[in-house]
2 protein chains.
Amino acid sequence: MKTLLQNIRPEIQEGIFLKNPESSALGKSIVKEGVLLIDEIGFESFTFKKLGERIQTNESSVYRYFENKHKFLLYISSWYWSWMECRLVFETANLVDANDQLMKAVLLVTEDTADDISSDYIDESVLKRIIISDFTKTFLTKEVDDENREGFFKIYKRVIYRIAAIIKEVNPAYAYPESLASNIVEGSMHQHFLKQHLKTITNCNESVSPADFYLNMVNSIVIKSS
Amino acid sequence: MKTLLQNIRPEIQEGIFLKNPESSALGKSIVKEGVLLIDEIGFESFTFKKLGERIQTNESSVYRYFENKHKFLLYISSWYWSWMECRLVFETANLVDANDQLMKAVLLVTEDTADDISSDYIDESVLKRIIISDFTKTFLTKEVDDENREGFFKIYKRVIYRIAAIIKEVNPAYAYPESLASNIVEGSMHQHFLKQHLKTITNCNESVSPADFYLNMVNSIVIKSS
DNA sequence: TTTAAAATGATAGTATTACTATTATGTTTG
DNA sequence: CAAACATAATAGTAATACTATCATTTTAAA
């Protein structure tokens with residue numbers, strides 16, 4: 001499993017990058033160190049100038065790979081969701097029971113960290129922190145409709161469709177499979193954030209994880225009523 | 001009801017503004033037109049310079065009321081949640097049954113728009129659109145812990161506590177009242193956004209509202225199992 | 001009604017951001 | 001070995017995100 005996923009290269013939508021960062025050492029360094037820098041200083045303070053200084057290259061070289069930092073965030077987000085989609089496929093493939101598939105899928109998208117699998121150059125646990133804090137910023141913009149049309153959220157949406165499909169299989173009568181799927185994915189990121197920063201408005205803590213909360217939710221809504 | 005809420009002035013946490021915008025005509029104009037401008041051009045493109053031009057005042061005058069646009073967003077967010085808290089209190093006060101209180105509370109925080117009540121100078125339906133697109137940006141920053149310590153999210157958290165309290169009353173055995181409350185509030189904003197912009201990953205549309213989805217959720221999770 | 005205080009307006013200035021353009025230098029590959 | 005390509009270095013622009021200063025207008029207190 002480890003080696004299998006290690007060699008998977010995500011297909012990132014045309015238009016997110018100017019030049020494929022996978023195609024060169026500099027490109028990989030931009031992505032790897034960019035992720036670390038965003039984690040350290042936050043997306044708002046992150047600039048290509050600072051990244052250039054960090055990896056001892058020129059600002060203009062970074063601009064040859066990505067138009068701007070928003071596109072960079074889209075790139076690493078697509079990377080993350082592509083990796084998540086892979087894991088969803090692999091880890092539910094061998095499960096015959098739809099209920100088991102649903103439990104596994106919900107666990108995967110809501111669980112704390114997944115350091116069991118790691119790519120050669122991107123630190124997934126750091127990436128996950130960035131996704132929790134910054135992923136919503138990729139679509140909470142005035143350009144969301146244009147960018148959606150260009151397919152920039154395709155992989156993310158595919159993850160939602162996949163979970164919704166399992167929900168439908170478990171309970172075909174349930175009226176809101178897509179909403180529930182998007183609520184679980186987006187909501188679990190929110191609960192992770194609250195657990196770290198606004199602890200009083202969540203029940204998640206060291207002993208209770210967002211996965212517990214959402215597994216319970218899915219059980220009550222989809223499974224028990226079926 | 002209308003007149004009652006019209007006269008309510010929200011208490012905004014010390015430190016969010018430099019000078020109370022409620023204290024002058026210019027201050028009110030900054031808030032009123034600032035809300036409209038953010039709605040028109042988006043929070044990312046919004047600047048105090050543009051706002052100054054719009055209301056024919058100087059950029060520096062705007063800076064006398066708010067340190068920066070992040071604080072401005074915090075201000076209008078506090079305003080919104082303060083108004084929501086008021087409505088929660090008023091509209092559940094006369095309900096004796098906890099179940100009814102919960103349904104009403106969930107309806108209030110998740111429903112489409114609430115143009116039944118309007119303040120003298122802030123357009124609530126426009127404000128709600130901004131909250132849906134931009135509220136999460138108030139806390140998805142590196143400064144969230146400092147700002148939380150300063151009480152900048154106090155009113156928002158109070159809204160969550162209130163809903164969580166009703167959940168507990170309806171079903172004291174339920175293990176995740178705060179998480180469910182924060183999931184409903186945050187999640188409904190997300191569903192509203194999806195309904196507008198990423199329609200394929202939600203079941204909400206012209207005929208199905210986020211309120212339907214969350215009322216169903218609450219019914220399955222809290223009420224039926226109690 | 002005067003006068004002092006407070007609020008606003010106008011102008012200027014700085015550092016940083018978010019880029020684009022140009023040219024030089026190094027590095028592959030056919 | 002040369003052409004093509006990638007990167008480095010430098011410079012430059014417009015906009016952003018402010019701060020400071022000082023003049024003018026408004027308001028409120030004596």
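Below, chains carry the letters A, B, ... as their sequence lines are ordered, and counting in each starts from 1.
For B:Y156 and B:Y80, the distance between ring centers is not under 6.0 angstrom. Separation of the B:H190 and A:F139 ring centroids falls under the 6.0 Å cut-off.
One atom, CG of B:L37, and another, P of D:dT16, lie 12 Å apart when rounded to the nearest Å. What separates CG of B:L18 from C1' of D:dT19 is a distance of 13 Å, to the nearest Å.
Under the 4.5 Å side-chain criterion, counting only non-hydrogen atoms from C-beta, B:R129 is not in contact with B:E124.
Counting non-hydrogen atoms of other residues, nucleotides and ligands closer than 6.0 Å to NZ of A:K157 gives a total above 12.
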Worksheet item: Reading nucleotides 6-23 of chain C 5' to 3', which nucleotides get B (base under 4.0 Å from a protein heavy atom), which S (sugar-phosphate only), which -?
Response: -SBBBB-----SSBBB--
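Geometric assessment of A:K71 against the ring of A:F17 yields a negative cation-pi assignment under the 6.0 Å and 45° thresholds.
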